Number of protein chains: 2
Amino acid sequence: MRIQYTEGSLAQAVIRRFNALRPLSEEATATFEQAILEGLLRAGPGEDLAAEGDRVDGVRLVLSGWLFRHKTLEDGRRQIVNFVLPGEACDAYVYLLSTMDHSITTATPVVYAEIKKARFEKLLTSERTLAEAFMCETLVNDAIQREWATNLGRRVALERVAHLFCEIYERLRPVGLVDGNSCSFPVTQMDLADATGLSVVHLNRTIQELRASGLISLRERTLTINDLDALKNVAFYSPSYLQLYRRD
Amino acid sequence: MRIQYTEGSLAQAVIRRFNALRPLSEEATATFEQAILEGLLRAGPGEDLAAEGDRVDGVRLVLSGWLFRHKTLEDGRRQIVNFVLPGEACDAYVYLLSTMDHSITTATPVVYAEIKKARFEKLLTSERTLAEAFMCETLVNDAIQREWATNLGRRVALERVAHLFCEIYERLRPVGLVDGNSCSFPVTQMDLADATGLSVVHLNRTIQELRASGLISLRERTLTINDLDALKNVAFYSPSYLQLYRRD
DNA sequence: TCATCTCGTTAACTTAGTGAAATGCTGGAA
DNA sequence: TTCCAGCATTTCACTAAGTTAACGAGATGA
């Protein structure tokens, strides 16, 4: 995987996202960026960054690539409960709890930064707005989780898949990963089925239907949304939960 | 509704829960308790403590009674995404975001405490472990939300309802609201259907089935679990996500 | 070159869960 | 007492989604 960044820093996605959550001072940005660049790591596709039951002792921030959070029942049924996209945190504050309640696995090659607990806490203490930004990151994650519950509980297959596409698209946009009306969408239909609570067969049928209606195209790991408004209508999509627009 | 407290303070449920998340010093407990008792409020059943789109400017803690968090689609379909039980916080830190992404409505008469933002922040600054406890509260809430996604996406009706019963039971126990093998369960089948993503009709069938198998009884707003282990087996229940046992 | 794997796709068939509507129960309010 | 409202329950016809299985295309590797 070649990592492409038009504007300088590897940490761009994270900086952008956190700035959208809370405007950070230049100084805070610089301190944050340095902490990120000092903790750079890479993982190949299909690696676990954390597994259910693990203890976690730091914070990981995704610079590029996709991951997903998932839980598996004893008999093998799996639910992907969220994706972790560039700019987002894997596990802010999780070291406060005893163990992970879910697993985090890479879907693609991933570049991420690890900030150890001690450093992280120092960072939050010295930069108050950064602490608030991390808090917001956690709260938004929570809001997304609620929207997923609604998606899984009350939307039918077509709406559900459409909703997922809208959400991912809107989450990728602010970090600069939407190009025209397309974005990378590097997950298999099996993963997508596990994210939407459908069988692979029915997920496939549903995607066919969305394609046939001309709303989207999805091939070679690229999602193109031909008519975003129409797709949002199909999905009963209401975006405020992502908190993409700043307070005041 | 008569509020019964065998051991003194109204704030007992909250104190117990937060102490289970992080052991609080006596001093921290006292300061916290005072803040709670100074902000006491009551609400009748069916009242909104917050609605989607509202701004929230403080933290509410539930002393007694049940509430639920819910989201509604444009066409009226509703999903209850979680319950808020005695001892839990409605909206810790939410003032950091611009607006509520969901609504919070009382299911029963509720006694709660409101702590305004300024006071709340002062409290967290002066009592570090309390800040950590609030953070844990948020993280556990997040974990519950993930479990709900799994429940809605990958469990069939019987497992799903069984799982909800197990979870609520286990959440009520540490705050002292389980009596023998029974607890209050003050929600209608319509609410339960909206919480499990089922139709009322099918929810009813499912409850009949659980009753017929002798695992539970549910009548007059009281849930009795006759065989908790068996119910957990039916539900593929794995409790660690509630983080009920302290780290170290 | 052949064999194997993963992934997407399609078909045939089954089933879990839905929707609408009617019935009965219980507990206020008039 | 009577009436009504809210809630639980049941029935029945219907459908959205699951299951199983098979097939093809492309990638990978011996």
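Only a predicted model underlies this, so the values are computations on that prediction, with no experimental measurement involved. Each chain gets a letter, A, B and so on, in the order the sequences are listed, and its residues count up from 1.
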Student: May I ask you to establish whether Lys71(A) and Tyr241(B) are in a cation-pi arrangement, using a distance under 6.0 Å from NZ or CZ to the six-membered ring centre and at most 45° from the ring axis?
Tutor: yes
Student: Can we say Asp75(A) and Arg77(A) salt-bridge, meaning some charged N sits less than 4.0 Å from an Asp/Glu carboxylate O?
Tutor: yes
Student: In this structure, how many angstroms lie between the C1' atom of dC7(C) and the CD atom of Gln208(A), rounded?
Tutor: 13 Å
Student: Contact class for Arg211(B) (heavy atom, under 4.0 Å): base, sugar-phosphate, or nothing?
Tutor: sugar-phosphate
Student: Heavy-atom distance under 4.5 Å between the side chains of Ile168(B) and Phe83(B), does that happen here?
Tutor: yes
Student: Base, sugar-phosphate, or nothing: which does Ile207(A) touch, judged by heavy atoms less than 4.0 Å apart?
Tutor: nothing
Student: Remember a base hit wins even if backbone is also touched, and classify Arg219(A) as base, sugar-phosphate or nothing at under 4.0 Å, heavy atoms.
Tutor: nothing
Student: Grab the CZ-P distance between Arg155(A) and dT18(C) for me, whole Å please.
Tutor: 16 Å
Student: How bent is the helix from dT1(C)-dA30(D) to dA30(C)-dT1(D), comparing axes over its five end pairs at each side, to the nearest 10°?
Tutor: 30°
Student: With a 3.5 Å cut-off and no angle check, do the side chains of Glu147(A) and His163(A) form a donor-acceptor pair?
Tutor: yes
Student: Do Arg17(B) and Gln12(B) come close enough that some side-chain heavy atom pair is under 4.5 Å?
Tutor: no
Student: Would you mind checking if Arg205(A) and Glu209(A) are paired as a salt bridge, meaning a charged N to carboxylate O distance below 4.0 Å?
Tutor: no
Student: In whole angstroms, how far is the P atom of dA16(C) from the CG atom of Leu152(B)?
Tutor: 19 Å
Student: Taking only side-chain N and O atoms of Asn204(A), does any of them lie within less than 4.0 angstrom of OP1 or OP2 on dT9(C)?
Tutor: yes
Student: Starting from P on dT6(C), measure out to CZ on Arg221(A) and report it in whole angstrom.
Tutor: 14 Å
Student: Does Thr188(A) reach a base, just sugar-phosphate, or nothing at all? Heavy atoms under 4.0 Å.
Tutor: sugar-phosphate
Student: With no hydrogens and no angle check, is any side-chain donor or acceptor of Glu114(A) less than 3.5 Å from a backbone partner on Gly58(A)?
Tutor: no
Student: CZ of Arg205(B) versus P of dG19(C): gap in Å, rounded?
Tutor: 12 Å
Student: When the distance from NE2 of His202(A) to P of dA11(C) is rounded to whole Å, what number comes out?
Tutor: 15 Å
Student: Just the endpoints, please: which first and last nucleotides of DNA chain D, 5' to 3', lie under 4.0 Å from a heavy atom of chain B?
Tutor: dC7(D) to dC12(D)
Student: Starting from the 5' end of DNA chain C, give me the residue, Val156(B) or Val201(B), whose nearest nucleotide shows up first.
Tutor: Val156(B)
Student: How many whole angstroms separate atom CG of Leu158(B) from atom P of dA16(C)?
Tutor: 11 Å
Student: Can any side-chain N or O of Arg155(A) pair as donor or acceptor with the backbone N or O of Ala235(A) at less than 3.5 Å?
Tutor: yes
Student: Do Val62(A) and Leu85(A) come close enough that some side-chain heavy atom pair is under 4.5 Å?
Tutor: no
Student: Take atom CG of Leu198(A) and atom P of dA16(C), then tell me their distance rounded to the nearest Å.
Tutor: 17 Å
